[in-house]
Colleague: 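Take this structure, written in C-alpha cells, and hold onto it; I'll ask about it next.
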Amino acid sequence: MKKVYTCFCTDVIHEGHINIITEARKYGMVIVGVLSDSAMIRFNRFPTINFDERVRLVENIEGVSQVIVQEDVMYDKVIEEIHPDYVIHGDNWLKGPMKAIRDRVETCLKEYGGQIIDVEYTYNESVRRIDKRIEEKLAMPEYRRRRLGQLISICPIVKVLEVHSGLTGLIAEKTVVEHDGELDQFDAMWISSLCDSTAKGKPDIELVDMTSRFRTINDVMEVTTKPIIFDGDTGGRAEHFVYTVRSLERMGVSAVIIEDKIGLKKNSLFGTDVEQTQDTIDHFCQKITVGKNAQLTDDFMIIARIESLILEQGMDDALNRARAYVKAGVDGIMIHSRKKEPDEILTFCDSFRMENQTTPLVVVPSSFNSITESELSRHGVNVVIYANQLTRSAFPAMQHTAEDILRYHRAKEVDERLMPIKDIITLIDEL
C-alpha cells in the first residue's frame with residue numbers, strides 16, 4: 001500500500017484536519033507527524049496542551065495508521081526516513097512563509113518520484129471560532145504568565161522584541177520569516193521603560209508612572225498571546241516593588257527586570273558620562289527577597305540586571321553581585337554592557353556558567369549588536385532582548401515622511417515608501 005504523509009501542529013482537531021485525513025485515505029496508508037513543541041514554537045504558536053496529549057489527539061482520529069514525531073518544521077528528515085509516496089497539506093502553504101516548506105518538500109519528493117497533494121484549506125465560521133478560542137486561552141493570565149519559563153526550558157535561546165503599543169505588539173506576535181530553509185518568529189515581548197516613555201514624549205527618568213505603564217501592558221495584552229517581560233527600572237522603594245510584583249503577576253506578565261541602581265534613573269548607555277549610583281548588594285538583595293515573598297505563584301520571574309560593567313566596576317564586582325542575587329532568590333540574571341564588542345559580556349557568561357549552570361542569563365545586545373543568537377547561546381545565554389529597535393526604526397521613518405510632506409506640499413512623494421493602510425489593517429483581527 002502506498003504511504004501518505006501529513007503533519008499536524010494543533011491543539012484541537014477540527015473538520016479541516018478530518019478533511020485532510022479523509023482525502024489522504026483515498027491514496028493509501030495515512031501517516032501523521034505531530035510537530036514537536038520546539039518546532040511548533042518556531043513555526044506556529046505555543047501549544048496549549050503538552051506533546052503527549054497532542055499525539056493522543058491524532059492517534060484517536062479514524063483512518064490514521066501511524067503517528068510519528070516531526071522534530072523540524074521542514075520535512076526533510078521525515079521524508080528521508082519513511083519515503084512517502086504522497087505528502088498532503090492544505091493549500092494555505094502555496095503562499096507566504098509556508099511556501100518555503102512546500103518548496104522544500106517538492107524538492108525532496110522529486111528525488112524518488114513522490115508527489116504533493118494540495119487540499120483546499122478549510123476555513124469557515126466553526127474553524128474560525130476554534131482558532132479564536134485557542135488564541136483567547138493563550139492570552140489568559142494563568143497561561144501567558146508561565147510561558148516564559150516554559151520557553152527557556154524548550155528553546156536554545158528565547159528571542160524577545162521591544163513593543164510599546166498594541167500595533168507593535170501585533171508586529172512581534174505575527175511576524176514570521178523564512179530564511180535559509182527555516183521559519184522563525186519572536187518568542188516574547190519586552191515592554192521597555194525607555195520606549196514606553198519615548199512613545200509618550202516623556203524623558204526616560206521614571207517619570208511615566210506605573211498606572212500609565214500598566215495601561216501599555218493592557219493595550220498589548222488585549223491583542224497578543226506571547227509572554228511579556230516588563231522593564232521595572234530600579235523597582236523603586238521595596239514597599240512599592242511589592243505592589244508592582246503583585247500587579248504584574250495578576251495581569252499575566254511573565255517577568256520583571258530590575259536594575260541594581262538607586263536615585264534618579266539615567267539610561268545605562270550613558271555609563272559614567274552621567275552620575276549614576278549603584279545600589280549596595282545587601283539593599284538590592286533585600287528588594288529581591290521582598291519581591292519574591294510577595295508572589296502568589298511560582299510562574300512569575302524576577303530578574304536582576306547588573307550594572308557593574310556599565311559603571312566600570314569590574315568583572316569581579318559583577319560576578320559577586322550575580323552570586324549574591326541568586327542566593328537572594330532571583331530567577332535570572334541580566335548582564336549589560338555598552339561596549340561595541342561582546343567580549344566582556346561573554347567573559348561574564350563563561351565565568352558565571354562555570355559555577356552556575358541553571359540560572360537563566362539574559363542579554364540586551366544593543367551596542368554589541370554584531371553577535372548572533374547562536375553565539376550567545378553557546379556561551380550560556382538563555383534570553384536575548386532586542387530592546388529598542390522598533391522605536392528607533394519608526395522615528396526616522398516618520399520624521400522623513402513629515403519633512404517630505406512639508407517640502408513638497410503634498411503626499412505623493414512619500415507614498416511609495418508607505419505601507420498600504422489595508423495591509424496594516426490585516427494585522428488587526430476582527431472580533
Side-chain angles (χ1 to χ4, degrees), residues 1-94 97-98 100-109 111-123 126-127 130-131 133-135 137-138 143 147 150-151 153-155 176 181-183 185:
M1 183 178 286
K2 292 184 180 295
K3 291 182 283 188
V4 189
Y5 182 74
T6 190
C7 179
F8 286 170
C9 56
T10 183
D11 301 344
V12 179
I13 300 299
H14 55 62
E15 60 187 278
H17 303 107
I18 301 302
N19 184 46
I20 291 283
I21 299 302
T22 301
E23 192 65 24
R25 291 176 67 185
K26 298 175 183 178
Y27 294 88
M29 180 182 73
V30 180
I31 304 172
V32 180
V34 177
L35 205 61
S36 68
D37 286 347
S38 58
M40 190 167 168
I41 291 162
R42 297 272 67 79
F43 164 64
N44 189 15
R45 58 190 171 201
F46 200 94
T48 61
I49 59 176
N50 66 45
F51 178 78
D52 291 338
E53 290 177 280
R54 293 197 287 119
V55 168
R56 284 194 292 271
L57 278 177
V58 178
E59 287 175 337
N60 290 330
I61 301 175
E62 184 180 353
V64 173
S65 300
Q66 184 181 353
V67 178
I68 64 174
V69 181
Q70 183 169 317
E71 295 286 358
D72 301 304
V73 173
M74 296 299 174
Y75 290 41
D76 299 40
K77 187 175 180 182
V78 168
I79 291 174
E80 181 184 348
E81 288 177 351
I82 69 174
H83 264 60
D85 299 280
Y86 304 97
V87 171
I88 188 168
H89 195 284
D91 61 8
N92 58 318
W93 72 346
L94 288 169
M98 288 178 63
I101 302 175
R102 189 188 187 282
D103 289 347
R104 186 62 196 158
V105 168
E106 188 172 38
T107 298
C108 293
L109 291 177
E111 293 181 5
Y112 60 89
Q115 297 178 44
I116 291 178
I117 303 170
D118 297 312
V119 178
E120 183 179 357
Y121 186 70
T122 304
Y123 197 73
S126 173
V127 173
I130 291 170
D131 286 346
R133 197 172 301 125
I134 292 173
E135 288 183 10
K137 184 177 180 181
L138 284 168
Y143 288 98
R147 206 167 303 137
Q150 292 172 322
L151 284 164
S153 68
I154 294 172
C155 300
V176 181
E182 296 289 337
L183 292 183
Q185 60 180 304

Colleague: Would you sort out whether Thr107 and Asp103 count as a side chain to side chain contact (heavy atoms under 4.5 Å, CB included), showing the intermediate values?
Modeller: CA-CA 6 Å; Thr107 298; Asp103 289 347; 5.6 Å; no
Colleague: Working to the nearest 0.5 angstrom, can you tell me the gap between Thr48 OG1 and Asp11 CG?
Modeller: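 Spacing of OG1 (Thr48) from CG (Asp11) equals 3.5 Å.
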Colleague: Can you name the nearest heavy-atom pair linking Gly63 to Val30, along with the distance?
Modeller: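 Scanning both residues, the minimum pair turns out to be O-CB, 3.6 Å.
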Colleague: Could you tell me the separation between the CD1 atom of Ile18 and the CD1 atom of Ile13, rounded to the nearest 0.5 Å?
Modeller: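 These two atoms lie 6.5 Å from each other.
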Colleague: Salt bridge or not for Asp118 and Arg102, using N-O below 4.0 Å?
Modeller: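 Answer for the salt bridge query: yes.
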Colleague: Under the side-chain hydrogen bond (donor to acceptor under 3.5 Å, both in side chains) test, which residues partner Asp91, sequence neighbours left out?
Modeller: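 Asp91: no side-chain hydrogen bond (donor to acceptor under 3.5 Å, both in side chains) contacts found.
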Colleague: Any idea which heavy atoms bring Leu183 and Pro97 closest together, and the distance?
Modeller: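 That would be CD2-O, 3.4 Å.
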Colleague: With no hydrogens and no angle check, is any side-chain donor or acceptor of Arg147 less than 3.5 Å from a backbone partner on Tyr143?
Modeller: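 Here the side-chain-to-backbone pair exists.
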Colleague: Main chain of Asp72, side chain of Lys77: is a donor-acceptor contact present, judged purely on distance under 3.5 Å?
Modeller: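 Here the side-chain-to-backbone pair does not exist.
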Colleague: In Å, rounded to the nearest 0.5 Å, how long is the span from SG of Cys7 to CD1 of Ile20?
Modeller: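 Atom-to-atom, Cys7:SG and Ile20:CD1 are 11.5 Å apart.
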Colleague: Can any side-chain N or O of Gln185 pair as donor or acceptor with the backbone N or O of Ile41 at less than 3.5 Å?
Modeller: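 Judged by distance alone, yes, a pair lies under 3.5 Å.
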Colleague: What I'd like to find out is whether the side chain of Ile134 reaches to under 4.5 Å of the side chain of Arg45, using heavy atoms alone.
Modeller: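 Counting from C-beta outward, Ile134 and Arg45 do come under 4.5 Å.
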Colleague: I'd like to know whether Tyr27 forms a side chain to side chain contact (heavy atoms under 4.5 Å, CB included) with Gln115, so could you lay out the CA-CA distance, the side-chain angles of the two residues, the decisive distance to 0.1 Å, and finally the verdict.
Modeller: CA-CA 11 Å; Tyr27 294 88; Gln115 297 178 44; over 6 Å; no
Colleague: Who are the side-chain hydrogen bond (donor to acceptor under 3.5 Å, both in side chains) partners of Asp37, not counting sequence neighbours?
Modeller: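 Counting only residues at least two positions away or on another chain, Asp37 forms a side-chain hydrogen bond (donor to acceptor under 3.5 Å, both in side chains) with Arg54.
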Colleague: For atom CD of Glu59, decide whether the heavy atoms of other residues, nucleotides or ligands shown that lie under 6.0 angstrom number more than 12.
Modeller: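 For Glu59, atom CD is crowded (more than 12 foreign heavy atoms under 6.0 Å).
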Colleague: Apply side chain to side chain contact (heavy atoms under 4.5 Å, CB included) to residues Leu57 and Ile49 and explain how you reach the verdict.
Modeller: CA-CA 11 Å; Leu57 278 177; Ile49 59 176; 3.7 Å; yes
Colleague: Check whether Asn92 reaches the backbone of Tyr121 with its side chain - one donor and one acceptor, N or O, closer than 3.5 Å.
Modeller: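 Not at all, since once roles are kept as given, no pair shorter than 3.5 Å links the two residues.
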Colleague: Applying side-chain hydrogen bond (donor to acceptor under 3.5 Å, both in side chains), can you list everything that pairs with Glu15, at least two apart in sequence or on another chain?
Modeller: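 For Glu15 the side-chain hydrogen bond (donor to acceptor under 3.5 Å, both in side chains) partners, ignoring immediate neighbours, are Asn124.
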Colleague: If you measure from CD1 on Ile88 to CD1 on Ile21, what distance do you get to the nearest 0.5 Å?
Modeller: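 Answer rounded to 0.5 Å: 8.0 Å.
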Colleague: Is the ring pair His89/Trp93 parallel, tilted or perpendicular, if the boundaries are 30 and 60 degrees?
Modeller: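 Parallel, since the angle between the ring planes stays under 30°.
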Colleague: Closest approach of Gln70 and Met74, non-hydrogen atoms and distance?
Modeller: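 Here Gln70 and Met74 meet closest at NE2-O, 3.8 Å.
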Colleague: What's the shortest heavy-atom distance between Val64 and Val58, and which atoms?
Modeller: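 For Val64 and Val58, the tightest heavy-atom pair comes out as CG2-O, 3.9 Å.
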Colleague: Looking at every heavy atom in both Met29 and Met1, which two are closest together, and how far apart are they?
Modeller: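 What the structure gives for the nearest pair is N-SD, 3.3 Å.
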Colleague: Which atom names give the shortest non-hydrogen contact between Cys9 and Leu35, and what distance separates them?
Modeller: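 Minimum heavy-atom contact is CB-CD2, 3.8 Å.
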Colleague: Could you give the distance from OH (Tyr5) to CD1 (Ile68), rounded to the nearest 0.5 Å?
Modeller: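 Taking OH in Tyr5 and CD1 in Ile68, the distance rounds to 4.0 Å.
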Colleague: When rounded to the nearest 0.5 angstrom, what distance separates OH in Tyr112 from CG in Asp85?
Modeller: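 Tyr112 atom OH to Asp85 atom CG measures 7.0 Å (nearest 0.5 Å).
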Colleague: Give the intermediate values and the outcome of side chain to side chain contact (heavy atoms under 4.5 Å, CB included) for residues Glu62 and Arg25.
Modeller: CA-CA 10 Å; Glu62 184 180 353; Arg25 291 176 67 185; 4.3 Å; yes
